[in-house]
Colleague: 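One structure is given below, represented as structure tokens, and several questions about it will come after.
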Amino acid sequence: MKAQESIPTTKVERSAKFVKTGFQIGGNYIKHYSKKLFNPDMDREQLNEDNATDIYKSLSELKGSALKIAQMLSMDKNIMPKSYVDKFTQSQYNAPPLSGPLIVKTFTKNFGKTPEQIFDTFNLKSSNAASIGQVHQATLNGKKLAVKIQYPGVGDSISSDLKLVKPFAFRLLGMSERELNIYIKEVEERLLEETDYELEVRRSIQFSEDCQNLDHVVFPKYYPELSGKRIITMDWLDGLHLKEFLKTNPSQELRNKIGQALWDFYNFQQHELRAVHADPHPGNFMITPNEDLGVIDFGCIKEMPNDFYYPFFSLISTDVINDKAKTIDAFRKLDMIHAEDTEEQVEFYYKSYREMISLFAKPYINKIFDFSKPEFFDQLYAYGEKISKMPEFKQARGVKHFIYVNRTNFGLYQILHELNATVNTDTYEPTLNR
């Protein structure tokens, strides 16, 4: 993949990039409807393909929060045309990297020294390039290290970028204006944390210590003295990303082992720590030569306050869902049913959300769950498609915590589905005794 020699960093440069992309998309629509005059039966597949290519190219060159949105959307496979999902999925593993000279300049600006002045060796060719930064391999005192360097301008352009992304997201997600504003605000808060690498190092060390007793889950060691606000240095973990791992045709036993490690990793955090690694895309995990799950990124953490945790998990782990009054009370606490709703609206949302929770809870209410079966995911996607067409869901409902908690759990489900794993789901259960 060709290295990127420069990156737009100012608000004017980044705005100009979005305007140019908007013109390209407009041109795609003109071409599409011109062809449709001569072929009325033509579908939108080529239009979606052209738009997805142009949008992804623009976002990948901008990096940062713009590309992060693409990464998040690529995991929500039921809300976008396949062309967008296929294109945006590239951001999970390997976005276009920045060139060596630009990385040295960025490193020197943030650290005061070149990489060669700090490490014994430093490979200027990146090993992995994603939305916020890219990773380079280095050595020091005989240790192999991974050095993650944040793209220039990323941390300073989050708010302005999200305003520029908003029109694209509005078209793709089909949300109401109010709902989209809540979504963008929550994403902005998490991204501001995710671009603070000093915070990420502290969290990485803390979470690694908290999760050290989990079976078959390993973490790199982090080096605060070799890290800074825009640079993180950690041990290099050898291994394969999920895509590469699956190409080796692993046994069902190994798939289940990795799947169990993933399930335990996430549910231990949710139910014991009340804070969770909220970026479950496959690029954040490695399967090591020892057949363990390596976790290599703690940039995005979502804390779950009690006023969200208790009503939400009471619905999936107790008999609350079978008690209409208790279920409606929980829905009210979660802002899924509003105080001003009529009796008819209460009944409508009660039935709709009860169906959603019942689907979401299936892995929890079965002590062993087989994620390989497509029926479960077909039902999830069908439900998502059904409510996306209902005018009743065009208004914002639900507290903001749903955005990342849902993303985390459905992302986990999706990875387990790709693994075709069967896991024991009763290892770390919700703790509802206050």
Colleague: Do Glu291 and His216 come within less than 4.5 Å of each other through their side chains, counting heavy atoms only?
Modeller: no
Colleague: Counting C-beta onward and ignoring hydrogens, is there a side-chain heavy-atom pair between Tyr353 and Ile328 closer than 4.5 Å?
Modeller: no
Colleague: Are Lys257 and Asp215 close enough for a salt bridge, meaning some N to O gap below 4.0 Å?
Modeller: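 Answer for the salt bridge query: no.
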Colleague: Can a cation-pi geometry be assigned to Arg274 and Tyr310, taking NZ or CZ under 6.0 Å from the six-membered ring centre and within 45° of the ring axis?
Modeller: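 Because its charged atom sits under 6.0 Å from the ring centre and within 45° of the axis, Arg274 does stack over Tyr310.
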Colleague: Take Glu198 and Arg230 through the test salt bridge (charged side-chain N to carboxylate O under 4.0 Å, His left out) and record every step on the way to the result.
Modeller: CA-CA 8 Å; Glu198 290 173 330; Arg230 299 289 183 254; over 6 Å; no
Colleague: Do the side chains of Leu412 and Leu262 get nearer than 4.5 Å, heavy atoms only?
Modeller: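 Result yes, sub-4.5 Å side-chain heavy-atom pair found.
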Colleague: Looking only at the aromatic ring of each residue, does the gap between the centers of His277 and Phe265 stay below 6.0 angstrom?
Modeller: yes
Colleague: Report the distance from atom CG of Leu242 to atom CG of Asn284, rounding to the nearest 0.5 Å.
Modeller: 12.0 Å
Colleague: Should Arg190 and Asp279 count as an ion pair when the cut-off is N to O under 4.0 Å?
Modeller: no
Colleague: Are Tyr222 and Arg202 packed together at the side-chain level, in the sense that at least one heavy-atom pair is separated by less than 4.5 angstrom?
Modeller: no
Colleague: Among Thr425, Asn267, Asp426, whose side chain to side chain donor-acceptor pair (under 3.5 Å) with Tyr364 holds?
Modeller: Asn267
Colleague: Testing the basics here: between Cys300 and Glu194, what is the closest heavy-atom pair and its distance to 0.1 Å?
Modeller: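 Answer, listing the atom of Cys300 first, then Glu194: CB-OE1, 3.7 Å.
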Colleague: Does the side chain of Ile231 reach to within under 4.5 Å of the side chain of Gln150, using non-hydrogen atoms?
Modeller: no
Colleague: Working to the nearest 0.5 Å, report the span between NE2 of His241 and NZ of Lys247.
Modeller: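 Spacing of NE2 (His241) from NZ (Lys247) equals 12.0 Å.
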Colleague: When you compare the side chains of Asp341 and Tyr350, does any donor N or O come within less than 3.5 Å of an acceptor on the partner?
Modeller: no
Colleague: Taking all heavy atoms of Val346 and all of Arg332, pick out the closest pair and write down the distance.
Modeller: CG2-NH2, 4.0 Å
Colleague: Calculate, to the nearest 0.5 Å, the distance between atoms CG and CZ belonging to Leu419 and Phe245 respectively.
Modeller: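 It is 6.5 Å, given to the nearest 0.5 Å.
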Colleague: Verify the ring-centre separation between Phe376 and Phe369: is it less than 6.0 angstrom?
Modeller: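 Yes, close enough.
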Colleague: Mind checking whether Leu145 and Pro220 have side chains closer than 4.5 Å, heavy atoms only?
Modeller: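 Answer no - side chains too far apart.
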Colleague: Under the side chain to side chain contact (heavy atoms under 4.5 Å, CB included) criterion, do Glu200 and Lys148 qualify, and how do the steps go?
Modeller: CA-CA 11 Å; Glu200 181 175 342; Lys148 184 163 73 169; 2.9 Å; yes
Colleague: Yes or no on side chain to side chain contact (heavy atoms under 4.5 Å, CB included) for Ile149 and Phe107, after CA distance, side-chain angles and deciding distance?
Modeller: CA-CA 7 Å; Ile149 302 174; Phe107 196 98; 3.5 Å; yes
Colleague: Within the 4.5 Å heavy-atom criterion, are Arg354 and Ile321 side-chain neighbours or not?
Modeller: yes
Colleague: What heavy-atom pair brings Gln212 and Glu209 nearest, and what distance separates the two atoms?
Modeller: CG-O, 3.1 Å
Colleague: Quick check for you: to the nearest 0.5 Å, what is the distance between Lys144 atom NZ and Asp238 atom CG?
Modeller: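 Nearest 0.5 Å value for the NZ-CG distance: 4.0 Å.
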Colleague: Nearest 0.5 angstrom please: Asp235 CG to Phe219 CZ, how far?
Modeller: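 Nearest 0.5 Å value for the CG-CZ distance: 13.5 Å.
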Colleague: Parallel, tilted or perpendicular: which fits the ring planes of Tyr266 and Phe285, with parallel below 30° and perpendicular above 60°?
Modeller: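 Judged by the thresholds at 30° and 60°, the geometry between Tyr266 and Phe285 is perpendicular.
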Colleague: Side chain to side chain contact (heavy atoms under 4.5 Å, CB included) for Gln252 and Leu254? Distances and angles first, verdict last.
Modeller: CA-CA 5 Å; Gln252 187 60 51; Leu254 181 52; over 6 Å; no
Colleague: Please walk me through it: do Val135 and Trp236 pass side chain to side chain contact (heavy atoms under 4.5 Å, CB included)?
Modeller: CA-CA 10 Å; Val135 177; Trp236 182 273; 4.2 Å; yes
Colleague: Just do the side chain to side chain donor-acceptor pair (under 3.5 Å) check on Tyr223 and Lys143 with the steps written out, would you?
Modeller: CA-CA 12 Å; Tyr223 299 93; Lys143 275 199 168 186; 2.8 Å; yes
Colleague: Can you measure from CG (Asp292) to CG (Leu214) and round to the nearest 0.5 angstrom?
Modeller: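 One finds 11.5 Å between CG of Asp292 and CG of Leu214.
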Colleague: Would the His417 and Phe377 ring centres measure less than 6.0 Å apart?
Modeller: yes
Colleague: Do you know the tightest heavy-atom contact between Asp370 and Ser372?
Modeller: OD1-OG, 2.6 Å
Colleague: Side chain of Asn409, backbone of Val405: donor and acceptor closer than 3.5 Å?
Modeller: yes
Colleague: Please confirm whether the backbone N or O of Gly283 pairs with a side-chain atom of His281, one donor and one acceptor, at under 3.5 Å?
Modeller: yes
Colleague: Is the ring pair Phe360/Phe312 parallel, tilted or perpendicular, if the boundaries are 30 and 60 degrees?
Modeller: tilted
Colleague: For atom CD of Glu429, is the number of surrounding heavy atoms from other residues, nucleotides or ligands below 6.0 Å larger than 12?
Modeller: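 Yes.
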Colleague: Please determine whether a side-chain nitrogen of the Lys or Arg among Glu355 and Lys386 lies less than 4.0 Å from a carboxylate oxygen of the Asp or Glu.
Modeller: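 Yes.
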Colleague: Donor-acceptor check, side chain of Thr431 to backbone of His271, threshold 3.5 angstrom: yes or no?
Modeller: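 Looks like yes, one N/O pair under 3.5 Å.
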Colleague: Taking it one step at a time, do Glu418 and Arg255 satisfy salt bridge (charged side-chain N to carboxylate O under 4.0 Å, His left out)?
Modeller: CA-CA 10 Å; Glu418 291 181 44; Arg255 289 169 181 266; over 6 Å; no
Colleague: Side-chain donor-acceptor pair under 3.5 Å between Asn290 and Thr288, yes or no?
Modeller: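 The criterion, which ignores hydrogens and geometry beyond distance, is not satisfied for Thr288 and Asn290.
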Colleague: Excluding sequence neighbours, so at least two apart, what forms salt bridge (Lys or Arg N to Asp or Glu O under 4.0 Å) with Asp196?
Modeller: Lys229
Colleague: Can you label the angle between the Phe371 ring and the Trp263 ring as parallel, tilted or perpendicular, going by 30° and 60°?
Modeller: tilted
Colleague: Is the side chain of Thr233 donor-acceptor paired with the backbone N or O of Leu226 at a distance under 3.5 Å, no angle test?
Modeller: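 At least one qualifying donor-acceptor pair exists.
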Colleague: Is a side-chain N or O of Gln345 found less than 3.5 angstrom from the main chain of Thr342, in a donor-acceptor match?
Modeller: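 Judged by distance alone, yes, a pair lies under 3.5 Å.
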Colleague: Would you check if there is a donor-acceptor pair between the side chains of Tyr309 and His401 at a distance under 3.5 Å?
Modeller: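 No, Tyr309 and His401 have no side-chain donor paired with an acceptor closer than 3.5 Å.
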Colleague: Does Lys367, at its NZ atom, have more than 12 non-hydrogen atoms belonging to other residues, nucleotides or ligands within less than 6.0 Å?
Modeller: no
Colleague: Is the shortest heavy-atom distance from the side chain of Val423 to the side chain of Ile368 under 4.5 Å?
Modeller: no
Colleague: For the residue pair Gly259 and Ala421, what are the closest heavy atoms and their distance?
Modeller: CA-CB, 4.0 Å
Colleague: Looking at Arg203 and Glu193, is any side-chain nitrogen of the basic one under 4.0 Å from a carboxylate oxygen of the acidic one?
Modeller: yes
Colleague: Using the side-chain contact (heavy atoms from CB on, under 4.5 Å) rule, pick out the option among Thr327, Leu334, Asp329, Asn306 that qualifies with Pro311.
Modeller: Leu334
Colleague: Any chance the side chains of Gln260 and Asp264 put a donor and an acceptor closer than 3.5 Å?
Modeller: yes
Colleague: Does Tyr383 use its side chain to pair, donor to acceptor, with the backbone of Ser352 at less than 3.5 Å?
Modeller: yes
Colleague: Compare every heavy atom of Tyr197 with every heavy atom of Gly228, then report the nearest pair and how far apart it is.
Modeller: O-CB, 3.3 Å
